[in-house]
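Have a look at the structure below before the remarks.
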Protein chains: 2
Amino acid sequence: MVVFAGQGDPRRSMSLLWRSAEAGSRPGPKPGLSVDAIVDAAIAVADEQGMSALSMRAVGERLGRTAMALYTYVPNKAELLDLMYDKVLGQLPTEYPSDQGWRAALTAWVGDVRAFYLWHPWVLQVSQARPVLGPNEFTMLETLLRILRQTGLERSVLRGVVGVVTQFVRGAAEVIADARRAARETGVSDEEWWYARSPLVEEFSAPFERQFPLVAWLGELDPPAADDDCTPYLERHAEWNFTVGLEVLLDGIEAAVARSVG
Amino acid sequence: MVVFAGQGDPRRSMSLLWRSAEAGSRPGPKPGLSVDAIVDAAIAVADEQGMSALSMRAVGERLGRTAMALYTYVPNKAELLDLMYDKVLGQLPTEYPSDQGWRAALTAWVGDVRAFYLWHPWVLQVSQARPVLGPNEFTMLETLLRILRQTGLERSVLRGVVGVVTQFVRGAAEVIADARRAARETGVSDEEWWYARSPLVEEFSAPFERQFPLVAWLGELDPPAADDDCTPYLERHAEWNFTVGLEVLLDGIEAAVARSVG
DNA sequence: TTGCATCTCCTTACGCCATAAACTAACCTG
DNA sequence: CAGGTTAGTTTATGGCGTAAGGAGATGCAA
């Protein structure tokens, strides 16, 4: 489902992303649609039915048009994806308190971004191969940098840190988003799925504890504890991994800061 | 392009993954193919032409058959993907020296896994939503755990660490793999792509340095230094991010170890 | 006012994709 | 040799993105 934009006219892409509308009075029928309306409709489809349901036909239908009508406003599906991506990024918060240190602010940012990804899981499926170069993508990076600047790390190290942090949030959100998507698209919950397979692993792998002692010890094969908590199995794991992982990451950054000062 | 397996018979999936062949003499024509032959052909197609070229038709053609012939051996494309995934994971090394500490071993493991992902980039496109539960997936985890056991971290923390580390390698490889895929599928190199867009960003965003001072400072907009080095622009950045990120991660784990000891 | 260029939006069509259904032909067992 | 089972084919269905061409609306110049 991953598609690449940017094979078209770069100037056209950019002017769409930054919405430099010229308009003026022109011949021909008045446009019944607009880029914004199309992008909004596309976002709505993706939010409601997931990326796999996002087709030109579906977007057109939501606007009471055919698929082909969209091509008057948007060069192709890949560009539409880029527009959706940048527009929805605009929902991210941009202000974080700077008086409690970078650690608190970064924790808040990571939490917000992860929540955002889980709110619009399809965003995770937009290729990160090449930056979209839209205004909101830059804004997101600027926000992160305002927080990380407080570490006082030098530029080249900061670049690396930006990389790990963004990768971490994406990864943390992806685990959950993928699990939810799987549950929705297959109609099988994590629990059902697991209970159907867990005994089979034991059966086919002969003595599992002998073949994979450490995996067995880690308890990935344990059935989910039947808590009052109704959060799905995999998500409970993911939640914990997120907490631990974030701490590891923050400690690592702190170490880098300590090294750069000392 | 992400597809989910596991909507079929779990027992069938498992017996395919663990290759519990019954065979015996049966009526009907001799099978001209085998699950292994199909999986190998599919891996070859994915390696050579990428995941987007992996269709049942393509695999069948490579074996001199039609697409439909494969369905005798494999229930559907999603299951085939799982089989490809687990089989190719078998190429990963499993032994790492334990006499130089976990840090050295983990560094080597992360490097190997990243190299592996870049060798078979399509692996990154197999959904991680639910574990495949094949033998080689367990082996990979077991290998990582043999290394991480040396940290002496308690089980629950270790689970978190496993999560961050695997997410980190995936992320680090994805950046590069996506970039290469984009270059291949669009026929536009990173450099060409960048030179076409860089000036346009300045043009459309009015005073870029005023709007995004920190982004400008970070120099993401700098044109790539024209080194003797012929590694593409984005990959050079990625390489650096990988090094810095890994160090941050290792330091973070070390902090966790120190905390658990003290 | 007319004619035309231009624009929106539609219909149609092409070539992909996964896979369901029905068929042919090979083969083992009774 | 008959019957049932299996491997592999052909054909068809309903999806996808989007190229091509046409119909009707609109603003402007003559």
Side-chain angles (χ1 to χ4, degrees), chain A residues 1-9 12 21-35 37-38 41-42 45-46 49-84 125 127 185-186, chain B residues 1-5 7-9 12 21-38 41-42 45-46 49-82 84 125 185-186:
Chain A
M1 189 51 213
V2 182
V3 189
F4 296 109
Q7 58 269 55
D9 178 13
R12 171 99 193 266
E22 331 106 64
S25 125
R26 295 183 305 169
K30 291 267 170 268
L33 295 176
S34 67
V35 174
I38 290 172
V45 170
Q49 285 143 271
M51 193 69 133
S52 60
L54 183 81
S55 65
M56 299 301 267
R57 284 172 169 83
V59 177
E61 215 156 280
R62 176 174 280 256
L63 294 163
R65 300 291 141 89
T66 66
M68 291 312 288
L70 309 181
Y71 286 89
T72 310
Y73 302 87
V74 153
N76 53 48
K77 187 180 179 182
E79 297 271 9
L80 174 56
L81 262 177
D82 279 358
L83 292 171
M84 293 166 63
Q125 293 175 69
S127 164
E185 296 190 7
T186 65
Chain B
M1 190 52 214
V2 183
V3 190
F4 296 109
Q7 57 269 56
D9 178 14
R12 170 99 192 266
E22 332 101 66
S25 126
R26 294 185 304 169
K30 292 264 169 271
L33 295 176
S34 67
V35 175
D36 270 295
I38 290 172
V45 170
Q49 285 142 271
M51 193 69 132
S52 60
L54 183 80
S55 64
M56 298 303 265
R57 274 168 168 70
V59 177
E61 218 156 277
R62 175 173 281 255
L63 294 164
R65 301 290 142 89
T66 66
M68 291 310 288
L70 309 182
Y71 286 90
T72 311
Y73 302 86
V74 154
N76 52 49
K77 187 181 179 182
E79 297 271 9
L80 175 55
L81 263 177
D82 279 358
M84 293 166 63
Q125 292 175 71
E185 296 189 6
T186 66

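Throughout, a chain's letter reflects where its sequence line sits, starting with A, and its residues are numbered from 1.
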Are the side chain of Tyr73(A) and the backbone N or O of Leu33(A) linked by a donor-acceptor pair below 3.5 Å?
yes
Report the nucleotide, chosen from dG17(D), dT6(D), dT19(C), that has the shortest atom-to-atom distance to any side-chain atom of Ala67(B).
dT19(C)
Evaluate the side-chain proximity of Leu54(A) to Leu81(A): yes if any heavy-atom separation is below 4.5 Å, no if none is.
yes
By nearest atom, which of the nucleotides dC16(D), dC28(C), dA7(D) is closest to the Lys30(B) side chain?
dC28(C)
Check: Arg57(A) side chain, dG15(D) base, donor-acceptor under 3.5 Å
no
What nucleotide, of dG8(D), dT8(C), dT6(D), holds the atom closest to the side chain of Tyr73(A)?
dT8(C)
Residue Pro31(B), side-chain atoms from C-beta onward, closest of dA7(D), dC10(C), dT19(C):
dA7(D)
Between atom CG in Leu33(B) and atom C1' in dT9(D), what is the gap in whole Å?
13 Å
How long is the line joining CE of Met56(A) and P of dC14(C), in whole Å?
21 Å
What is the distance from CD of Glu61(A) to P of dG15(D), rounded to the nearest Å?
10 Å
Between atom CG in Asn76(B) and atom C1' in dA18(C), what is the gap in whole Å?
9 Å
Within the 4.5 Å heavy-atom criterion, are Leu80(B) and Met56(B) side-chain neighbours or not?
yes
The residue, Met68(B) or Pro29(B), whose nearest nucleotide of DNA chain D is more 5′ is Pro29(B)
